[in-house]
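The structure appears below as structure tokens.
Here the structure is a predicted model, which is why all the values come from computation and not from measurement. When reading the values below, keep in mind they use all heavy atoms of this one structure, side chains included, and skip hydrogens, waters and symmetry mates. Sequence positions, counted from 1, serve as the residue numbers for this chain.
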Amino acid sequence: MAISKGKLLAICIVWLILFGCAAVAWRFMGEESAERAKEQQLEQTSGTSQYEHFVDLALDAFSGYAICDRTNFAANSKSNASN
């Protein structure tokens with residue numbers, strides 16, 4: 001029961017095409033279900049806002065801005081200078 005190289009190659013190509021089609025179908029079905037889940041979550045958790053205006057804050061982890069609290073900085077620097 002020897003299969004020629006040509007037939008084996010044809011069988012491998014057919015299987016690769018089938019696996020490729022299955023992967024593409026899985027990807028598109030997965031994206032749609034994930035998108036539907038996000039939409040459902042958004043619908044369940046969103047509501048009307050009681051605020052008319054929104055303020056965007058630009059926050060970062062840089063603590064060097066703490067020096068801008070001048071009253072505490074001035075008091076600390078004066079007490080450190082006198083010691």
Identify all side-chain donor-acceptor contacts of residues 14-27 below 3.5 Å with residues at least two apart in sequence or on another chain.
unit_1	atom_1	unit_2	atom_2	d
Arg27	NE	Glu31	OE2	3.1
Arg27	NH2	Glu31	OE2	3.4

| message | Measuring from atom CD of Glu35 to atom NZ of Lys38, what distance do you get when rounded to the nearest 0.5 angstrom? | response | 8.0 Å

| If you look only at pairs with a residue in residues 14-25, which of them pass as a salt bridge (charged side-chain N to carboxylate O under 4.0 Å, His left out), with sequence neighbours excluded? | none

| request: Sequence neighbours left out, what passes side-chain contact (heavy atoms from CB on, under 4.5 Å) with Lys7? Give chain and number order. | output: Ile3, Ser4

